**Student:** 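The following block contains the structure, expressed as structure tokens.
Position 1 is the first residue of the sequence; numbering continues from there. Here the structure is a predicted model, which means the values were calculated and not measured.
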Amino acid sequence: MKMERLRLSGGTELAYATAGETSRPAVLLLHGTPNSARMFRELMPALAQSACVIAPDLPGHGESDALPAVSFAAIGDAISELLDRLRIGPRFIYLHDWGTPVGLQIAMQAPEQVLGLVVQNANAHRTGWGPGWAATQAYWAQPSAENEAAATAHLTLAGTRDTYISGVPADVAERIPAEPWEEDWRVMNLPGHMDTQRALIADYANYAARFDAIAQYLERWQPPVLMVWGRHDIYFDLAEVLSWMRALPRMEAHVLDAGHLLLETHAAVAASLMLDFIGRTTGRAKERRSG
């Protein structure tokens, strides 16, 4: 992927990749931790057939500089600035992992600009928290050094590898080479990046405090949504799927035989589903305007 760079108003630089014609519907792809826009390396060429695709490295990830003051809100502001500078109007937003707080902030600030959402192992309800969240919740409740150490214990090469293959059936996991998580671990150790990881683990509590506001947004606006979910996710419980479906009764949902990083094994399936979703959704929008 060829990355471009944009100097933000705050002075740091943001890396991003684009693909497809600007005249086509825009799709904003937001990765999670410990990833970068590289996560979308197989998805972008397929989507570019029918969309204008924008995939940024979130600040403090990939090739993007870390922000001086790290929070999901500040990252959301950085991505919003990117969209404004690129003159991106109505857009589909791909929500995944830590990209979810960022994408929902952007969606809720300009709901009329949201063509649709793609939910890929993206948590926005308390039902998504399985037993593995106990240490993190304890840290939020009492941010002591001991609790911080427990909540950040996964920030290792082994923890990075687990994001890809832990909980995933052996025949699926064997399709994922070591190179992606080794590259993620290299990038996580760049200046400011590990501090970003630690800060966002703490700040996720502020995102969780917005769950009620997010529920109100979904109830009021009922955006078109495609869910593509890896059922073997060790981070977000499968009960989260039902919470999304209750919030959005007309949502299209597909639960696949994949893990948290579904695109590592099911990029072609996800691309096909997304192209169909984008085509149908934009087609209905055109019909409403002409009617």
**Student:** Under 4.5 Å between any side-chain heavy atoms of Val70 and Pro59, yes or no?
**Tutor:** no

**Student:** Centre-to-centre under 6.0 Å for His260 and His232, is that the case here?
**Tutor:** no

**Student:** Looking at every non-hydrogen atom in both residues, tell me the closest pair between Gly99 and Leu95 and how far apart they are.
**Tutor:** O-CD2, 4.3 Å

**Student:** Indicate yes or no: at least one non-hydrogen side-chain atom of Cys52 is less than 4.5 angstrom from one of Glu21.
**Tutor:** no

**Student:** Just wondering, do Met188 and Leu155 contact through their side chains at under 4.5 Å, heavy atoms?
**Tutor:** yes

**Student:** Is the shortest side-chain heavy-atom distance between Trp129 and Asp237 below 4.5 Å?
**Tutor:** no

**Student:** In this structure, is the centre-to-centre distance between the rings of His96 and His31 below 6.0 Å?
**Tutor:** no

**Student:** Salt bridge check: are Glu63 and Arg38 linked by an N-O gap of less than 4.0 Å?
**Tutor:** no

**Student:** Look at Glu182 together with Arg186 and state whether they make a salt bridge at an N to O cut-off of under 4.0 Å.
**Tutor:** no

**Student:** Is there a side-chain contact between Leu14 and Arg5 (heavy atoms, below 4.5 Å)?
**Tutor:** no

**Student:** Are Asp97 and Phe236 close enough that some pair of their side-chain heavy atoms sits under 4.5 Å apart?
**Tutor:** yes

**Student:** Which residues satisfy the side chain to side chain contact (heavy atoms under 4.5 Å, CB included) test with Asp84, sequence neighbours excluded?
**Tutor:** none

**Student:** Any Lys/Arg nitrogen of Glu252 or Arg280 sitting under 4.0 Å from an Asp/Glu carboxylate oxygen of the other?
**Tutor:** yes

**Student:** Are any of the side-chain heavy atoms of Thr12 and Leu67 separated by less than 4.5 Å?
**Tutor:** yes

**Student:** Quick one: sort the Phe211 and His125 rings into parallel, tilted or perpendicular, breaks at 30° and 60°.
**Tutor:** tilted

**Student:** Please check if atom CZ in Arg24 has more than 12 non-hydrogen atoms from other residues, nucleotides or ligands closer than 6.0 Å.
**Tutor:** yes

**Student:** Using the side chain to side chain contact (heavy atoms under 4.5 Å, CB included) rule, pick out the option among Thr163, Asn35, Ile165 that qualifies with Trp181.
**Tutor:** Ile165

**Student:** Please report the shortest heavy-atom distance between His193 and Ser64, naming the atom on each side.
**Tutor:** NE2-O, 3.4 Å

